[in-house]
Trainee: 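Got a structure for you, written out below as structure tokens; questions coming shortly.
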Amino acid sequence: MADMEEVVVEANCRPEETRATHAFRSSSTHYAQVIPITTSPPPTREEDGADWGCGELNPQDAWLPITESRNGNTISATFHLISSGIGIQALLLPLAFATLGWAWGIICLSLAFTWQLYTTWLLVHLHESESGIRYSRYLHLAVTAFGLKLGKLLTIFPVMYQSGGTCVQLIIIGGGIMELFFKNVCDVKSLTGTECFLVFMCMAIVVAQFPNLNSIAWVSFIGAITAVGYCTLIWALSIGKGRPSDISYNPPEMDSNMDRFGGIMNSIGIIFIAFRGHNVMLEIQGTLPSSSKHPSHKQMWRGVTISYALIAMCLLPLATAEFWAYGNKIPYSYGKILSSVSKFHGHKTSTFVLGLICIIVVINCLSTFQIYSMVVFDNLEFKYTCRKSKPCSRWLRMVFRFLFGGVAFFAAVALPFLPSLAPLIGGMTLPLAYAYPCFMWIAIKKPQPRSGKWCINMGLGCLGLVLSVVLVVAAIWNLTDKGLNANFFKP
């Protein structure tokens with residue numbers, strides 16, 4: 001991942017003037033011939049991103065996990081979108097409502113959902129250029145829109161963090177929930193957090209041996225079912241058990257205006273970061289077939305519509321029902337949120353319910369791990385195929401994946417407090433979802449300056465950058481004031 005700059009320079013697509021053959025140059029100076037799918041050649045200027053691998057014109061796409069199989073459909077895309085779009089960070093939405101209150105909480109949640117849905121529409125329709133080139137990776141599209149240097153500068157860190165970094169977080173979350181399950185449901189006190197991390201990572205890497213993104217559609221199906229399942233189970237239990245008598249909906253008192261500002265911005269950050277998946281949106285669309293008569297954006301948008309409707313049906317009730325049930329007493333810990341039914345109501349059946357929720361969450365983390373790790377595997381194989389001008393063998397793929405699993409495990413052990421950095425890093429990566437798609441639309445589609453489309457995209461893009469800076473400042477303030485906390489899964 002650290003060598004991404006070298007990878008970008010190594011992948012070149014040399015267009016000709018007609019439907020003649022196109023050549024892909026690797027570092028060993030060999031050429032692989034491929035017939036293009038379009039009559040018009042792609043851009044030739046470096047600043048227009050021509051030195052990046054050019055979608056369908058690039059034979060290397062047939063060797064890489066993201067684009068190796070383009071036999072997906074609307075159903076598989078929907079499963080991928082739900083599994084990657086709903087994360088356990090959504091459990092903190094009631095905490096944001098506790099600071100913002102009913103009105104502003106619902107307003108911010110609706111605004112974040114609508115904004116992200118709009119930028120998703122932009123990405124879906126930017127996936128294919130008018131010349132037929134498919135941008136099946138977020139970084140490819142950014143380089144085409146912003147140029148080679150600026151595209152890499154703006155997107156390499158957020159894309160790499162939201163793929164590899166998300167995998168590390170999933171190991172921490174999944175391992176932490178496993179530890180919670182063993183100690184509080186099975187009464188096994190001997191297992192340590194590190195051992196639970198190792199168990200989770202081993203299971204995740206075993207499942208990760210599927211060759212490409214399209215082949216894990218059934219894994220994403222399980223991830224989608226479990227994501228909807230635990231969200232629904234949590235908010236339904238919160239309403240079904242009733243509301244304790246001493247619940248208050250008043251915002252917590254703050255010692256200073258700066259503390260109040262930090263709390264409000266942290267709550268807004270929780271809401272905006274709860275929606276995720278933009279960094280794999282183009283990759284998921286890359287698994288769909290496409291032709292001039294049946295472009296992939298039609299199937300993809302149907303999948304987005306279905307998945308986002310289900311995501312809204314999960315997150316909005318989760319936020320409002322949990323806040324209604326527990327008010328400003330909602331705990332700031334994933335483990336305590338999962339065990340809140342037992343804490344506030346004390347029913348005998350709560351141990352069984354807690355165990356069931358923990359199992360569902362762990363399965364969901366294992367499933368989601370496969371989607372985000374596939375971006376990392378694609379990256380590793382991309383570098384190898386650039387150097388060798390041939391696809392990876394099966395054993396080498398296994399080596400890459402076990403190697404990544406080991407690195408991610410050691411990162412999880414070394415950085416168990418990584419979830420507490422989510423507001424800070426989330427603020428830094430927020431433009432990936434809320435700002436960059438707007439600017440990329442302007443750069444590629446070139447709408448008339450000061451027209452309606454130009455003003456909307458420029459306004460939203462600039463607002464996204466400003467929001468990112470403010471959230472980062474607030475996150476730094478909160479970290480310096482409260483410090484890091486690794487006890488996210490303690491009951």
Side-chain angles (χ1 to χ4, degrees), residues 1-4 7 63-66 68 80 83-84 87-88 137 157 159-179 181-182 191-220 222-223 226 276-277 279-280 283 358-359 361-385 391-419 421-422 425 486 488-489:
M1 290 184 291
D3 298 327
M4 175 60 73
V7 175
W63 303 339
L64 301 178
I66 297 296
E68 187 177 61
H80 289 318
S83 184
S84 62
I88 197 172
R137 293 157 187 86
F157 169 73
V159 168
M160 289 300 99
Y161 170 76
Q162 289 197 358
S163 53
T166 298
C167 291
V168 175
Q169 284 204 49
L170 287 170
I171 293 175
I172 297 173
I173 294 171
I177 298 299
M178 288 180 65
E179 183 182 8
F181 174 79
F182 286 126
L191 280 177
T192 64
T194 301
E195 292 171 338
C196 291
F197 288 178
L198 181 60
V199 172
F200 179 89
M201 187 275 297
C202 290
M203 292 191 297
I205 293 301
V206 169
V207 180
Q209 299 308 311
F210 288 91
N212 53 65
L213 184 58
N214 194 45
S215 66
I216 62 169
W218 71 271
V219 178
S220 293
I222 296 174
T226 52
R276 65 180 191 178
N279 63 305
V280 294
E283 285 79 352
C358 287
I359 292 173
V361 171
V362 170
I363 295 174
N364 175 257
C365 290
L366 286 170
S367 303
T368 306
F369 183 95
Q370 310 310 317
I371 299 177
Y372 287 96
S373 64
M374 197 63 72
V375 179
V376 181
F377 303 152
D378 186 86
N379 225 4
L380 294 173
E381 293 189 31
F382 181 69
K383 182 175 181 179
Y384 173 84
T385 55
C392 288
S393 60
R394 175 180 251 173
W395 71 266
L396 188 57
R397 275 188 167 177
M398 293 180 61
V399 170
F400 281 152
R401 298 181 184 199
F402 278 105
L403 177 63
F404 170 72
V407 172
F409 167 72
F410 285 113
V413 173
L415 304 170
F417 52 82
L418 188 61
L421 293 175
I425 305 180
F488 275 82
F489 310 99

Trainee: If I compare all heavy atoms of Pro391 with all of Thr385, which pair ends up nearest, and what's the gap?
Mentor: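 Looking at all heavy atoms of both residues, the shortest contact is CA-CG2, 3.9 Å.
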Trainee: Decide yes or no on side-chain contact (heavy atoms from CB on, under 4.5 Å) for Leu191 and Glu179, but give the supporting numbers first.
Mentor: CA-CA 7 Å; Leu191 280 177; Glu179 183 182 8; 5.9 Å; no
Trainee: Start with the C-alpha distance between Val362 and Phe181, add both sets of side-chain angles, then the distance that settles side-chain contact (heavy atoms from CB on, under 4.5 Å), and finish with yes or no.
Mentor: CA-CA 10 Å; Val362 170; Phe181 174 79; over 6 Å; no
Trainee: What pairs of residues pass the salt bridge (Lys or Arg N to Asp or Glu O under 4.0 Å) test when at least one of them lies in residues 191-205, not counting sequence neighbours?
Mentor: none
Trainee: At their closest point, which heavy atom of His80 faces which heavy atom of Ser220, and how far apart are they?
Mentor: ND1-OG, 2.6 Å
Trainee: With side chains defined as the heavy atoms from C-beta onward, is the minimum distance between Phe417 and Leu415 less than 4.5 Å?
Mentor: yes
Trainee: With a 4.5 Å limit on heavy-atom distance, are the side chains of Asn279 and Tyr372 in contact?
Mentor: yes
Trainee: With under 30° as parallel and over 60° as perpendicular, where do the rings of Phe369 and Phe404 fit, or are they tilted in between?
Mentor: tilted
Trainee: How many angstroms lie between atom CG of Leu213 and atom OG of Ser373, to the nearest 0.5 angstrom?
Mentor: 9.5 Å
Trainee: Let me confirm one number: the OG-CE distance from Ser84 to Met374, rounded to the nearest 0.5 Å.
Mentor: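 The OG atom of Ser84 sits 13.0 Å away from the CE atom of Met374.
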Trainee: Quick one: pull up CG in Asn379 and CZ in Phe400 and give me the separation to the nearest 0.5 Å.
Mentor: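 It comes to 11.0 Å.
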Trainee: I would like to know whether Gln169 and Tyr161 meet side-chain hydrogen bond (donor to acceptor under 3.5 Å, both in side chains); could you show each step before the answer?
Mentor: CA-CA 10 Å; Gln169 284 204 49; Tyr161 170 76; 2.6 Å; yes
Trainee: What is the distance from atom CZ of Phe377 to atom CZ of Phe210, rounded to the nearest 0.5 Å?
Mentor: 12.5 Å
Trainee: Applying salt bridge (Lys or Arg N to Asp or Glu O under 4.0 Å) as the test, list every pair that has at least one member in residues 196-208; sequence neighbours left out.
Mentor: none
Trainee: When rounded to the nearest 0.5 angstrom, what distance separates CD1 in Ile171 from SG in Cys365?
Mentor: 10.5 Å
Trainee: Indicate yes or no: at least one non-hydrogen side-chain atom of Leu64 is less than 4.5 angstrom from one of Tyr384.
Mentor: no
Trainee: For the pair Ile371 and Ser83, evaluate side-chain contact (heavy atoms from CB on, under 4.5 Å) and give the outcome as yes or no after the intermediate values.
Mentor: CA-CA 8 Å; Ile371 299 177; Ser83 184; 3.8 Å; yes
Trainee: Can you tell me which residue pairs pass the salt bridge (Lys or Arg N to Asp or Glu O under 4.0 Å) test with a partner in residues 367-379, sequence neighbours excluded?
Mentor: Arg137-Asp378
Trainee: Taking only residues two or more places apart in sequence or in another chain, which ones pass side-chain contact (heavy atoms from CB on, under 4.5 Å) with Ala411?
Mentor: Val168
Trainee: Mind checking the CD-OG spacing from Gln370 to Ser215? Nearest 0.5 Å is all I need.
Mentor: 10.0 Å
Trainee: Mind checking side-chain contact (heavy atoms from CB on, under 4.5 Å) for Thr226 and listing every partner two or more places apart, or none if nothing turns up?
Mentor: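 Listed in chain order: Ile222, Ile360, Ile363, Asn364.
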Trainee: What pairs meet the salt bridge (Lys or Arg N to Asp or Glu O under 4.0 Å) rule with one or both residues in residues 401-416, with sequence neighbours excluded?
Mentor: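 Every pair satisfying salt bridge (Lys or Arg N to Asp or Glu O under 4.0 Å) with a residue in residues 401-416: Glu381-Arg401.
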Trainee: Can a donor-acceptor pair be found, under 3.5 Å and without considering hydrogens, that links the side chain of Arg397 to the backbone of Pro211?
Mentor: yes
Trainee: Passes side-chain contact (heavy atoms from CB on, under 4.5 Å), Phe402 versus Gln209? Steps please.
Mentor: CA-CA 9 Å; Phe402 278 105; Gln209 299 308 311; 3.8 Å; yes
